[in-house]
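Notes for the one structure printed next.
All values reported here derive from a predicted model rather than from experimental measurement. FYI, the numbering just counts along the sequence from 1.
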Amino acid sequence: MIKFDLKIMLLIVFLLSISSTAIAQNTGELSIVRVDSTWGKEIIEFPIDWASKLTIEGYEELRFAPNWADKTSEEFWTLVMSWNVKTETELPLYELQFNFTHYFDGLMKPNHWANEFPEPKVEFFEPETTENGFIFKGKMFFFDGFHTGKLTTVYILGQQEHCDTTGKSIIIFKISSKAYTERVWEKLNSINIKEDLCSF
């Protein structure tokens, strides 16, 4: 019971810390993807003090599957990270990988499970050019400082669209602990970037 309470307290502290860095306006006004309203939402401004190595400026929209924190659910560690960042050209794959790695490195540091653990290992691969950017796959092996206190693997599907008219890139990362063939990816694959984001 004590261990459970500590985990709940950790999650509450994390969510409160995120709220303190969130953009001070109605989060409904900042939306990057179309997703079911049952998914949790958080808006975070870049740069972030707990991820000081990030090279991006803008904001992110986090959307959490309803059961993303439930270790027994197919939705465990299922979420969508979406970035709206300032950049004159699209970000190369290696720069996306660098920022994604250091984002999670900083995110997992404050936890009650362990003081020392390996840095996240992130690999993005199989980029495929699209009309306004590219899509790619990825995989991350990392220390789960939120839910299990164990080394964990998640699978990633990414997409970047560059907006020449506004000087920004929209990047989304669909993430799940389940392999691409599992049913939860049907939900993730139905989530898409809003069509009008390059207009403003």
Quiz item: When rounded to the nearest 0.5 angstrom, what distance separates CH2 in Trp68 from OG1 in Thr78?
Solution: 10.0 Å
Could I get the full list of salt bridge (Lys or Arg N to Asp or Glu O under 4.0 Å) partners for [X], not counting sequence neighbours?
| X | answer |
| --- | --- |
| Lys178 | none |
| Lys86 | Glu57 |
| Glu186 | none |

Quiz item: So which pairs with a foot in residues 123-176 pass disulfide (SG to SG under 2.5 Å), sequence neighbours left out?
Solution: Cys163-Cys198
Self-check item: Qualifying disulfide (SG to SG under 2.5 Å) pairs, either residue in residues 47-162, two or more places apart
Solution: none
Quiz item: Backbone N or O of Ala65 within a donor-acceptor pair of the Lys187 side chain at under 3.5 Å?
Solution: no
Per the salt bridge (Lys or Arg N to Asp or Glu O under 4.0 Å) rule, what does the pair list look like for [range], sequence neighbours excluded?
| range | answer |
| --- | --- |
| residues 87-101 | none |
| residues 100-114 | Asp105-Lys109 |
| residues 151-161 | none |

Quiz item: Does a side-chain N-to-carboxylate-O contact under 4.0 Å join Glu61 and Lys194?
Solution: no
Self-check item: Qualifying residues under side chain to side chain contact (heavy atoms under 4.5 Å, CB included), relative to Phe46, sequence neighbours excluded
Solution: Ile48, Leu54, Ile56, Glu60, Trp83, Val85, Tyr103
Practice problem: Can you sort out the partners of Trp185 under ring-ring contact (aromatic ring centres under 6.0 Å, His included), two or more places apart, ordered by chain and number? | Solution: Tyr180
Quiz item: Which residues satisfy the ring-ring contact (aromatic ring centres under 6.0 Å, His included) test with Phe100, sequence neighbours excluded?
Solution: Phe104, Phe124, Phe173
Quiz item: If you group Ile, Leu, Val, Met, Phe, Trp and Tyr by side-chain heavy-atom gaps below 4.5 Å, do Val122 and Phe98 land in one group?
Solution: no
Acceptor/donor pairs from residues 130-146 side chains to any protein atom, 3.5 angstrom cut, sequence neighbours excluded:
| from | atom 1 | to | atom 2 | distance (Å) |
| --- | --- | --- | --- | --- |
| Thr130 | OG1 | Gly133 | N | 3.2 |
| Thr130 | OG1 | Gly133 | O | 3.2 |
| Thr130 | OG1 | Phe134 | N | 3.3 |
| Asp144 | OD1 | Trp77 | NE1 | 3.3 |
| Asp144 | OD1 | Phe146 | N | 3.0 |
| Asp144 | OD1 | His147 | N | 3.1 |
| Asp144 | OD2 | Trp77 | NE1 | 3.1 |
| Asp144 | OD2 | Thr148 | N | 3.3 |
| Asp144 | OD2 | Thr148 | OG1 | 3.0 |

